[in-house]
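Per chain, numbering begins at 1; letters A, B, ... match sequence-line order.
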Number of protein chains: 2
Amino acid sequence: MARTAGSHSDITGPRVLDAALRLFAQHGFAAVSMRQIARDVGVQAGALYNYTPDKQALLFNLMRRHMEDLLDQRANRDTSASPLERLEDFARFHIRYHLKRPDEVFIAYMELRNLTPENFEAIEELRRRYEAELEEILRDGVAEGVFAPADIRIATMAVIAMLTGVTTWYRPAGRLSVDEVEGLYWEMVRKSVSV
Amino acid sequence: MARTAGSHSDITGPRVLDAALRLFAQHGFAAVSMRQIARDVGVQAGALYNYTPDKQALLFNLMRRHMEDLLDQRANRDTSASPLERLEDFARFHIRYHLKRPDEVFIAYMELRNLTPENFEAIEELRRRYEAELEEILRDGVAEGVFAPADIRIATMAVIAMLTGVTTWYRPAGRLSVDEVEGLYWEMVRKSVSV
DNA sequence: GTCTATAAGCAGATAGAC
DNA sequence: GTCTATCTGCTTATAGAC
């Protein structure tokens, strides 16, 4: 099929989201203008509206894509393993995934307040589903007597916060590899909920 | 001394910072206008510039006040206590202090990227000094054989992230009191760095 | 110290030509 | 699909009257 000159829907579309991702992560949603995004993509500001109804949808779609990808990656996990194995898998996955996507993670945690109430609720629901897996692992471990956190819900929040915190300091050029970081955090997580 | 009509320097000054604190925490620095702050204080936008040279100084002073207050409160701690006692004191203090000042904490963590490079460096230096106390406690504990984290630096970051995370979910009307939350987190912290 | 008025510019979003 | 031009309204910050 012939293509109209200057028509790049399949190229420009993803580029708009990519530019928004990087710019929102670096400067914050409110501080980034549609004109900045357009400049980064290499089009005029008006052309962006062929790909998004507005700026809010740009933010929401970035967050939703991130959360849905996160859930997809946990969808086919091995639920027959022991709670200890499942907890280690979760902890290592969480660190690995978050360190691989620093921009998405940063936005997902920092820009929640810039979502409209409806969009906020949609993202929160996805987040709750992700946290539910960890809570279930801890609950199963308590039932089997291998874990003994004083409070399962608080332990869930504490473990997620601890693991996510790695994104605030980790630098690829630093003294530790991702694998080493995973191991160090896993040890702390394991001990923190142990009997 | 007679006061000029309409002159309220000693009242308006703190009110400007208070309004900025609340609005920045709620909507984000970039999303809040000087007009919004002025409206909240009850003056016209131009009058704000009697109290701050610009918007950036407003943000920086809020952050600096927060970090300096944090350090002040730790200045006269008991360094002769055991590492275990000092760690418990630090953990409980951190939670209590952060839950008492949700707006300051939120801004201090979310608005770092909106500081100028010089201001950012100044705040980071204060933050490093705060973290250094925890690192020192862990180091002393390792030397005495009561703590055994695999990596002291990572344990420092992990413990701070875990404790600070409480601000993301705690609500005063919830099922747990601050004291109970302190106790639950302290148990997890203690176990996570134990031998 | 606060006001009003204004400067100088950028914001999100849309219309219509090509 | 992208462009240019534009609408409307907002922004930070300053000047000068009171």
Side-chain angles (χ1 to χ4, degrees), chain A residues 1-24 26-63 107 111 113-119, chain B residues 1-21 23-24 26-62 107 111 113-119:
Chain A
M1 216 185 293
R3 165 158 293 150
T4 308
S7 176
H8 306 287
S9 155
D10 50 344
I11 303 173
T12 307
R15 277 175 57 79
V16 170
L17 270 184
D18 282 356
L21 172 67
R22 194 157 16 83
L23 289 170
F24 288 169
Q26 192 169 0
H27 306 291
F29 174 76
V32 172
S33 69
M34 294 297 271
R35 281 171 177 79
Q36 271 178 277
I37 297 170
R39 193 182 317 132
D40 203 279
V41 172
V43 297
Q44 294 299 315
L48 292 182
Y49 291 87
N50 289 315
Y51 302 98
T52 182
D54 51 30
K55 196 183 169 191
Q56 168 72 203
L58 232 34
L59 178 62
F60 177 60
N61 284 326
L62 283 173
M63 286 207 193
I107 291 175
E111 303 296 354
R113 64 183 162 189
N114 285 310
L115 291 171
T116 62
E118 306 77 36
N119 288 345
Chain B
M1 215 184 295
R3 164 158 297 151
T4 307
S7 177
H8 305 287
S9 153
D10 50 345
I11 303 174
T12 307
R15 278 176 54 79
V16 170
L17 270 185
D18 282 355
L21 171 66
L23 289 169
F24 288 169
Q26 195 169 357
H27 307 290
F29 174 75
V32 172
S33 70
M34 294 297 271
R35 280 173 177 78
Q36 270 178 280
I37 297 171
R39 194 182 316 133
D40 202 280
V41 172
V43 298
Q44 294 297 316
L48 293 181
Y49 292 86
N50 288 315
Y51 302 97
T52 181
D54 50 30
K55 197 184 169 190
Q56 168 72 203
L58 232 34
L59 178 62
F60 177 60
N61 284 326
L62 283 174
I107 291 175
E111 304 295 354
R113 64 182 163 191
N114 284 312
L115 291 172
T116 62
E118 306 75 35
N119 288 345

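Distance check, rounded to the nearest 0.5 Å: CZ of A:Arg35 to CG of A:Asp40 gives 15.5 Å. The line from CG of B:Leu58 to OH of B:Tyr51 is 12.5 Å long, rounded to the nearest 0.5 Å. The distance from atom CD1 of B:Ile37 to atom CG of B:Leu23, rounded to the nearest 0.5 Å, is 6.0 Å. With values rounded to the nearest 0.5 angstrom, A:Leu17 atom CG is found 12.0 Å from A:Thr12 atom OG1.
As a whole-Å value, the separation of A:His27 NE2 from C:dA11 P is 12 Å. Atom pair B:Ile11:CD1 and C:dG1:P shows a separation of 12 Å (rounding to whole Å applied). A straight line from CG of A:Leu48 to P of D:dT4 spans 13 Å, rounded to a whole angstrom. The CG-P distance, from B:Asp10 to C:dG1, rounds to 9 Å in whole Å. When rounded to the nearest whole Å, the span between OH of B:Tyr51 and C1' of D:dA13 equals 17 Å. Note: CG (A:Asn50) to P (D:dT4) measures 14 Å, nearest angstrom. Whole-Å rounding puts the A:Gln36 CD to C:dC10 P distance at 11 Å.
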What verdict does the salt bridge (charged side-chain N to carboxylate O under 4.0 Å, His left out) test give for B:Glu111 and B:Lys55, after you've listed the backbone C-alpha separation in whole Å, the side-chain angles of each residue and the deciding distance to 0.1 Å? CA-CA 13 Å; B:Glu111 304 295 354; B:Lys55 197 184 169 190; over 6 Å; no

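Within the 4.0 Å cut-off from OP1 or OP2 of D:dT11, at least one side-chain nitrogen or oxygen of B:Ser33 is found. The phosphate of C:dG1 has neither OP1 nor OP2 within less than 4.0 Å of any side-chain N or O from B:Thr12.
The salt bridge (Lys or Arg N to Asp or Glu O under 4.0 Å) pairs that include a residue from residues 42-54 of chain B number zero, where partners must be two or more places apart or lie in different chains.
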When every nucleotide of nucleotides 13-18 of chain C is labelled 5' to 3' by its protein contacts under 4.0 Å (heavy atoms), B for base, S for sugar-phosphate only, - for none, what sequence of letters results? BB----

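The listed nucleotides are C:dC3, C:dT2, D:dC3; the one nearest the side chain of B:Gln44 is C:dC3.
Among the heavy atoms of the strands lying under 4.0 Å from A:Val32 are primed sugar atoms or P, OP1, OP2 only; no base atom is included.
Qualifying side-chain hydrogen bond (donor to acceptor under 3.5 Å, both in side chains) partners for A:Asn119, counting only residues two or more places apart in sequence or in other chains: A:Gln56, A:Thr116.
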